[in-house]
Amino acid sequence: MRTRWRKLWDRVVEKQPDPTDRSSAEFYVNSLLPSLRLFHGLDRRALEEVRSHLVWFSLPGGWPLIRQGEVGNSLFVVVSGALGVFVRGADGRTELVTQLSAGAAVGEMSLLTGEKRSATLTAIRDTELLRLPKEAFDKLSETYPILLHNLAEILARRLAITTRGEETSFRPRTFAIIPFDNSIPCTDICYRLNRSFADRGKRIPVITSEARDRPTEWFHQMETDHDHLIYQSESNDGVWTRLCLRQADRIMLVVPASQPPTDGALERLFLGQRRRRLEIIFYHQDNETGEAVTAWLDLFPEAFHHHLRASNRKDIARLARHLAGAATGLVLAGGGARGFAHLGALRAIREAGVNIDVLGGTSMGGIIAAGVAMDWSGEELEERMRSAFVDANPISDYTIPRIALVRGRKVTSLLREHFEEMLIEDLWRPYFCVSSNLTTGHVTVHRRGPIWQALRASVAIPGLLPPVSYMGEVLVDGAVMNNFPADIMKELGRGPVIGVDVEGNQSITASEIDEQTGLDWRTLDQSSREDPGIINILMRAGTVNSEAQTKLSRRMVDIYFSPNMEGIGIRDWQMFDQAIERGYIHTQNVIEQMGPSLFETR
């Protein structure tokens with residue numbers, strides 16, 4: 001099929017036809033129709049009759065195709081380009097929920113019912129489409145009943161996917177690299193991306209302004225013949241930049257990490273692209289800090305962002321994996337001292353050559369994940385964790401229990417000592433942690449702000465540590481609602497997800513509870529296998545509610561590690577080395593069973 005497609009492309013390019021010419025439309029239609037599920041089982045003559053009813057048209061980037069609430073009366077097929085699916089919520093806000101690429105069909109339900117559209121579809125980039133009117137489908141289905149069968153199958157599959165809570169992920173294929181100004185070495189960045197893709201066996205040419213006069217068919221052929229395309233823009237060429245924007249699935253704005261946004265023409269251009277998928281690359285000269293990162297993210301709060309250091313080869317390789325949808329996410333669960341097993345798992349994962357590109361976690365898992373995002377080595381991370389939890393028990397500053405048994409000052413002090421005033425958005429790798437919002441009743445995902453503050457909220461077990469007050473809301477341990485946030489990582493759609501869960505055997509049985517009267521303050525900091533104690537009971541009670549969510553989240557990971565932590569309690573800080581060893585051996589064994597290739601190892 002692909003060989004035939006390329007031969008047809010060659011024939012079209014040789015003629016360089018007008019894209020509105022019917023002969024060009026026939027080429028696209030004849031090549032595309034057999035691949036659409038709706039038309040499976042139709043012979044050549046039937047497909048020719050279908051083609052005669054199709055309307056071919058172009059939709060410029062940014063233009064709406066259909067609007068939410070309109071009565072549907074047509075099926076649309078994306079020939080090239082991409083459509084954004086936008087849904088307006090009860091609060092009146094419009095959200096981009098997914099994107100549809102070449103070969104996708106939309107509006108099948110309207111062929112049966114003519115019901116109102118459930119979403120607004122807008123061209124994300126210049127898009128070519130086919131339209132099949134409902135009256136034409138009704139006529140065709142009388143002659144070819146298999147169309148109704150195919151349509152019922154499509155709708156049944158879609159219902160099953162919705163019921164399971166699955167989503168179809170959109171993989172962008174074309175990227176516009178837009179430099180903010182002439183200080184950005186855009187040519188060098190594009191070349192290094194091209195080389196990084198080539199190292200992984202991917203074909204991704206860089207298209208420069210020399211292609212500005214090429215016909216539409218040439219761009220389509222390039223996209224068909226390659227895995228991805230990079231459009232290299234120029235900060236002083238507005239015409240070429242606009243063409244790049246119209247051709248790109250994803251906009252990558254490259255800005256100096258130390259220069260805040262200004263009221264320039266490029267900024268105004270992007271402010272008009274609010275419905276586009278925008279990502280920001282913060283470019284750092286050697287030893288340059290990211291003083292302007294917060295200002296840029298205030299301007300584009302929904303933008304995913306990356307950090308790219310001028311002489312750091314790992315950063316450019318990581319960016320390439322993000323563009324290819326092959327960035328590996330690592331999720332680390334909470335679990336107190338059991339979380340030390342994450343350190344062993346990380347050691348085994350690194351030894352296997354797996355690159356970790358995005359990090360997330362809850363409570364202790366969030367702390368360790370933050371250390372990885374800081375680019376701490378495995379040795380440094382272990383030393384810091386030993387210092388913070390083994391050498392200095394962080395939950396030992398007891399107080400009269402008005403809202404918690406522990407003041408929490410030691411925890412706060414230790415977090416600030418190790419993470420200082422570093423902001424989440426300044427971390428070298430994308431990162432998040434979660435806390436539970438008692439004010440709203442929902443999970444809070446921390447993607448910006450001081451790391452220590454986010455982690456202080458993520459570890460605040462109710463009754464043990466005081467909650468954190470943040471912007472008028474009360475935050476406690478993320479484990480109360482989501483101890484294993486693999487679902488949040490999966491929603492990012494960056495690539496495969498690795499999860500490490502250290503739940504262990506946390507259950508408390510009736511036989512472990514001794515009837516006691518009064519309170520002996522001297523026993524608060526003691527733990528035994530026979531007596532769970534008030535602190536262990538609080539910690540268990542504070543995390544039990546998220547178990548159902550954890551079971552759902554486990555389905556979201558591509559590789560799941562769950563070392564046996566039985567016999568290691570939540571506060572068994574002195575079992576540091578044993579927990580690390582268990583995590584290391586378990587992860588190493590699973591990796592060996594999986595074979596030599598574990599995601600991206602380059």
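All values reported here derive from a predicted model rather than from experimental measurement.
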(request) Would you check, one step at a time, whether the test side-chain contact (heavy atoms from CB on, under 4.5 Å) holds for Leu346 with Leu330? (result) CA-CA 10 Å; Leu346 279 165; Leu330 177 65; 3.4 Å; yes
(request) For the pair Ile367 and His418, evaluate side-chain contact (heavy atoms from CB on, under 4.5 Å) and give the outcome as yes or no after the intermediate values. (result) CA-CA 10 Å; Ile367 294 175; His418 289 279; over 6 Å; no
(request) Considering only NZ, NE, NH1 and NH2 on the basic side and carboxylate oxygens on the acidic side, decide whether Arg338 and Asp572 come within less than 4.0 Å. (result) no
(message) Within the structure provided, determine whether Gln578 and Phe340 are in side-chain contact (heavy-atom separation under 4.5 Å).
(response) no
(request) Check the pair Arg117, Leu65 against side-chain contact (heavy atoms from CB on, under 4.5 Å), reporting the backbone distance first and the verdict last. (result) CA-CA 11 Å; Arg117 304 289 189 182; Leu65 174 66; over 6 Å; no
(message) Suppose we screen for ring pair (Phe, Tyr, Trp, His ring centres under 6.0 Å). Which residues come up paired with Tyr470, at least two apart in sequence or across chains?
(response) none
(request) State whether Arg321 and Asp357 are salt-bridged, where the test is any N-O pair (Lys NZ or Arg NE/NH1/NH2 against Asp/Glu carboxylate O) under 4.0 Å. (result) yes
(request) Taking His342 for its side chain and Ala333 for its backbone only, find out whether a donor-acceptor pair lies under 3.5 Å. (result) yes
(request) Check the pair Arg386 / Leu381 against side-chain contact (heavy atoms from CB on, under 4.5 Å), numbers first and verdict last. (result) CA-CA 9 Å; Arg386 185 188 297 275; Leu381 183 55; over 6 Å; no
(message) The criterion is side chain to side chain donor-acceptor pair (under 3.5 Å); which residues satisfy it with His284, sequence neighbours excluded?
(response) His307
(request) Kindly say whether Ile251 contributes a backbone atom to a donor-acceptor pair with the side chain of Glu279 at under 3.5 angstrom? (result) no
(request) Supply the atom-to-atom distance Glu382 CD to Ile580 CD1, rounded to the nearest 0.5 angstrom. (result) 4.0 Å
(request) Look at Lys490 together with Asp487 and state whether they make a salt bridge at an N to O cut-off of under 4.0 Å. (result) no
N/O donor to acceptor pairs below 3.5 angstrom from side-chain atoms of residues 454-466, sequence neighbours left out:
from	atom 1	to	atom 2	distance (Å)
Arg456	NE	Thr412	OG1	3.2
Arg456	NH1	Pro466	O	3.1
Arg456	NH2	Pro466	O	2.9
Ser458	OG	Ser363	N	2.7
Ser458	OG	Val434	O	2.7

(message) Strictly distance-based, threshold 3.5 Å: is any side-chain N or O of Thr328 a donor or acceptor partner for the main-chain N or O of Val497?
(response) no
(message) Using the side chain to side chain donor-acceptor pair (under 3.5 Å) criterion, which residues pair with Ser258? Sequence neighbours excluded.
(response) Glu288
(request) Determine yes or no for a side-chain-to-main-chain donor-acceptor pair under 3.5 angstrom, with His305 supplying the side chain and Leu297 the backbone. (result) no
(message) Taking Gly449's backbone N and O only, do any of them form a donor-acceptor pair with Glu425's side chain (distance below 3.5 Å, no angle check)?
(response) yes
(message) Taking ring pair (Phe, Tyr, Trp, His ring centres under 6.0 Å) as the definition, give me every residue that meets it alongside His322, ordered by chain and number, with sequence neighbours left out.
(response) Phe304, His306
(message) Could you work out, with side chain to side chain donor-acceptor pair (under 3.5 Å) as the rule, every residue matching Arg554, not counting sequence neighbours?
(response) Asp501, Glu503, Tyr560
(message) Please check this pair: side chain of Asn483 against backbone of Gly334, looking for a donor-acceptor N/O pair closer than 3.5 Å.
(response) yes
(request) Run the ring-centre check on Phe432 versus His446 and record whether the distance is less than 6.0 Å. (result) no
(message) Test your reading of the model: is there a side-chain donor-acceptor pair from Thr587 to the backbone of Gly583, 3.5 Å cut-off?
(response) yes
(message) Before we go on, tell me: are the rings of Tyr283 and Trp296 under 6.0 Å apart, centre to centre?
(response) no
(message) Nearest 0.5 angstrom please: Phe576 CZ to Glu581 CD, how far?
(response) 12.5 Å
(message) Would the distance check show the side chain of Arg250 and the main-chain N or O of Leu323 forming a donor-acceptor pair, the cut-off being under 3.5 Å?
(response) no
(message) Is the shortest side-chain heavy-atom distance between Met489 and Phe484 below 4.5 Å?
(response) no
(message) Quick test of your reading of the model: are Glu420 and Arg416 salt-bridged, counting only N-O distances below 4.0 Å?
(response) no
(request) May I ask you to check whether Trp452 and Phe419 place their ring centers less than 6.0 Å from one another? (result) no
(message) Test your reading of the model: is there a side-chain donor-acceptor pair from Asp426 to the backbone of Met422, 3.5 Å cut-off?
(response) no
(request) Drop me the distance from Asn437's CG to Thr444's OG1, to the nearest 0.5 angstrom. (result) 4.0 Å
(request) For the pair Asp477 (side chain) and Ala479 (backbone), establish whether a donor and an acceptor sit closer than 3.5 Å, ignoring hydrogens and angles. (result) yes
